[in-house]
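For ligands, and for the atoms within them, numbers begin at 1 and follow the listed sequence.
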Amino acid sequence: MKMKNTDIKNNWTTKELKDIYDLPFNDLLWKAQSVHRKYHNPNEIQISTLMSIKTGGCPEDCKYCSQSIRYDTDINLEKTLPLSDIIKQAKNAKDNGASRFCMGAAWRNLTQSNLAKVKEMVKEVKALGLETCVTLGMLTGTQADELKNVGLDYYNHNLDTSEEYYKKVVTTRTYQDRLDTLQHVRDAGIKVCSGGILGLGEENIDRIELVRVLANLDMHPESVPINRLVRVEGTPYFDNNDVDEFDFIRVIALARIAMPRSFVRLSAGRDTMNDHMQAMCFLAGANSIFYGEELLTTKNSTIEHDQKLLKNLKIKTMPVDDSEILEVEQKKLEDISIAVKNI
Ligand code: SAM
Ligand code: DTB
Ligand code: SF4
């Protein structure tokens with residue numbers, strides 16, 4: 001008889017998760033590390049590199065974001081970058097050891113002409129043998145299908161916090177809008193990257209609720225970025241208090257336990273965390289980072305610093321899955337055979 005895997009579930013209650021979150025710190029970390037070792041190599045992390053392909057001027061009012069047009073922040077507005085710039089950066093990311101290249105645009109939603117540009121970007125980056133991820137705001141089902149057809153691997157779209165607290169953070173869209181886009185992405189067969197930010201002034205219960213909603217999706221997101229607010233001057237959250245470090249680590253551990261197979265990414269804000277805190281996040285089950293000097297508009301840890309940290313911890317970086325490269329080769333062959341048929 002086949003045994004049911006009781007670790008992987010999507011009917012978590014708030015109480016179950018709160019009880020785990022409130023465990024003594026050592027018990028929580030032990031539990032998280034035990035789950036982690038069952039599903040992942042504890043000494044290996046996945047690394048992604050991020051690039052902003054269109055910066056600033058976003059009509060949304062996310063109170064944490066440097067790119068909202070509503071706040072007076074000191075960023076350089078940029079139109080959609082040319083394909084050649086993107087290929088150059090993607091090659092560079094690959095040379096530095098990244099296995100995934102994530103392209104972010106400050107859009108509320110995707111227009112058809114932008115979709116055409118992004119499709120070219122995805123094809124070219126994938127052809128370099130990198131996994132592709134994009135984050136472009138809201139998507140329709142048809143747009144998600146089109147992105148899948150050019151081979152997009154991941155779509156990032158964060159829920160950020162609990163549904164209740166979300167209304168205080170963003171007023172120009174709803175939590176349901178976010179969930180709808182995630183559903184379109186899942187239905188199209190693209191892998192889901194969805195997580196949140198800590199430091200928006202939310203309570204611990206909002207963080208637990210965020211994990212509950214993510215873990216109760218029909219399928220767990222393959223990738224779960226946990227960001228610590230980068231306080232950007234000019235945004236309403238510039239003066240927010242820093243998140244307690246132990247609370248942050250607890251959330252990482254909770255995400256690991258609730259979504260055992262997912263990659264939990266220690267995302268924005270790493271450059272304000274010391275090495276000991278980052279090491280504890282890895283112990284709690286984080287197994288992915290953004291690597292490279294910049295995030296979208298803010299600084300990341302330097303490559304030099306990260307290399308030293310990973311060396312000290314004897315953590316290896318994960319190569320691009322060979323199957324991804326095989327997929328690219330197969331797609332090329334399919335394209336050639338279609339072209340031949342059309343002659
Ligand atoms: N416009 C798209 C969207 O909102 O989905 C994509 C880009 S947006 C910058 C992607 C995510 O980055 C946000 O959902 C948020 O979780 C995170 N983020 C944005 N600004 C941040 C900040 N100042 N500190 C930490 N995380 C941030
Ligand atoms: C995610 O969760 N974090 C990344 C990525 N997805 C797109 C973005 C972090 C942005 C940090 C602030 C900035 O650089 O503007
Ligand atoms: Fe726009 Fe995304 Fe920034 Fe919100 S988080 S203001 S949607 S770029």
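Side-chain contact between Phe282 and Ile289 is present, with heavy atoms from C-beta onward closer than 4.5 Å. For the pair Tyr237/Leu229, a side-chain contact is recorded, criterion being any heavy-atom separation below 4.5 Å from C-beta on. Looking at heavy atoms from C-beta onward, Leu214 lies in side-chain contact with Ser194 at the 4.5 angstrom threshold. Side-chain contact between Glu124 and Ile86 is absent, with no heavy-atom pair separated by less than 4.5 Å. Considering only heavy atoms from C-beta on, Ile45 comes within 4.5 Å of Leu310 through its side chain. Contact check for Leu254 versus Leu17: side-chain heavy atoms found under the 4.5 Å cut-off.
In the vicinity of Pro225, heavy-atom distances shorter than 4.0 Å reach the ligand 2 atoms 2 (O). Near Leu296, with a cut-off below 4.0 Å to any heavy atom, the atoms of ligand 1 are 9 (C). Counting the atoms of ligand 2 from 1 in the order shown, those under 4.0 Å from a heavy atom of Leu295 are 14 (O). The ligand atoms of ligand 1 that sit less than 4.0 angstrom from a heavy atom of Trp107 are 1 (N). Of all atoms in ligand 2, listed by their number and element, those nearer than 4.0 Å to a heavy atom of Leu50 are 4 (C), 7 (C), 8 (C). Within ligand 2, the atoms closer than 4.0 Å to a non-hydrogen atom of Asn156 are 5 (C), 6 (N), 7 (C), numbered from 1 in the order shown. With ligand atoms numbered from 1 in the order given, ligand 3 contributes 5 (S) to contacts under 4.0 Å with heavy atoms of Tyr64.
Tyr291 and Gln307 share a donor-acceptor pair across their side chains, judged by distance under 3.5 Å alone. Side chains of Ser68 and Asp61: a donor-acceptor N/O pair is absent below 3.5 angstrom, by distance only. Side-chain contact, Asp271 with Ser301: no donor N or O sits under 3.5 Å from an acceptor N or O. Under 3.5 Å, the side chains of Gln89 and Asp85 contain no donor-acceptor pair of N or O atoms. Checking Thr73 against Glu233 by side-chain atom types alone, no donor-acceptor pair falls below 3.5 Å.
Comparing Asn158, Val230, Thr297 by heavy-atom distance to atom 2 (O) of ligand 2, the nearest is Asn158. The heavy atom nearest to atom 23 (N) of ligand 1, considering only Thr135, Leu200, Leu198, Val230, is found in Val230. Atom 2 (C) of ligand 1 has its nearest heavy-atom neighbour, among Gly137, Pro225, Ala106, in Gly137. Selection from Gly56, Ser267, Ala268 by nearest heavy atom to atom 9 (C) of ligand 2 gives Ala268. Summarising the contacts of atom 18 (N) of ligand 1 with Tyr155, Tyr64, Phe238, the nearest heavy atom is found in Tyr64. With distances taken over non-hydrogen atoms, the option nearest atom 15 (C) of ligand 1 out of Ile197, Thr181, Ile226, Leu229 is Ile197.
Under 4.0 Å from ligand 1, not a single heavy atom of Thr298 appears. Only the side chain of Thr135 comes within 4.0 Å of ligand 2, judged by heavy-atom distances. Of all the heavy atoms of Arg70, none lies under 4.0 Å from any atom of ligand 3, so neither backbone nor side chain is involved. With a heavy-atom cut-off of 4.0 Å, Asn227 touches ligand 2 through its side chain alone. Only the backbone of Arg228 comes within contact range of ligand 1, with a heavy atom under 4.0 Å; no side-chain atom does.
For atom 4 (Fe) of ligand 3, the set of protein N/O/S atoms nearer than 2.8 Å consists of Cys62 SG, ordered by chain and number.
Scanning both residues, Ser162 and Asp206, for their nearest heavy atoms gives OG-OD1, 2.6 Å. Ala105 and Ile53 make their closest contact through CB-CG1, 4.0 Å (heavy atoms, listed as atom of the first residue, atom of the second, distance).
Taking the ring centre of Phe290 as origin, the terminal cationic atom of Arg265 falls inside the region bounded by 6.0 Å and 45° from the ring axis. Annotation: cation-pi geometry not satisfied between Arg250 and Phe25 (NZ/CZ under 6.0 angstrom from ring centroid, within 45° of ring axis).
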Residue pair Glu131, Arg100: steps toward the salt bridge (Lys or Arg N to Asp or Glu O under 4.0 Å) verdict: CA-CA 4 Å; Glu131 290 178 325; Arg100 191 176 310 157; 2.9 Å; yes
Worked check of ring-ring contact (aromatic ring centres under 6.0 Å, His included) between Tyr155 and His184: CA-CA 10 Å; Tyr155 195 85; His184 295 319; over 10 Å; no
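Ranking protein heavy atoms by distance to atom 10 (C) of ligand 2, first place goes to Leu296 CD1, 4.1 Å. For atom 12 (C) of ligand 2, the closest non-hydrogen atom of the protein is Thr298 OG1, 3.5 Å. Protein heavy atom in closest approach to atom 5 (C) of ligand 2: Phe290 CZ, 3.7 Å. Atom 10 (C) of ligand 1 has its closest protein heavy atom at Asn156 OD1, 4.1 Å. In terms of protein heavy-atom proximity, atom 11 (C) of ligand 1 is nearest to Asn158 ND2, 3.6 Å. With respect to atom 7 (S) of ligand 3, the closest heavy atom belonging to the protein is Arg173 NH1, 3.2 Å.
Counting only distance, with no hydrogens or angles, the side chain of Thr55 and the backbone of Glu78 share no donor-acceptor pair below 3.5 Å.
Between Arg173 and ligand 1, not a single N/O pair is under 3.5 Å apart. Here's the thing with Asp160: one of its N/O atoms is less than 3.5 angstrom from an N/O atom of ligand 1.
Under a 4.0 angstrom heavy-atom cut-off, Ala105 registers as being in contact with ligand 1. Under a 4.0 Å heavy-atom criterion, Ser66 is in contact with ligand 2. Assignment of Arg178 to the shell around ligand 1 is supported, since a heavy atom sits closer than 4.0 Å.
For the atom pair NZ (Lys63) and OG1 (Thr235), the distance works out to 11.0 Å, reported to the nearest 0.5 Å. Distance check, rounded to the nearest 0.5 Å: CG of Leu28 to CD1 of Ile20 gives 8.5 Å.
With salt bridges taken as basic N to acidic carboxylate O contacts below 4.0 Å, one links Arg173 and Glu60.
Put simply, atom 8 (S) of ligand 1 has no protein non-hydrogen atoms near it, under 4.0 Å away. Protein heavy atoms are found less than 4.0 angstrom from atom 5 (S) of ligand 3.
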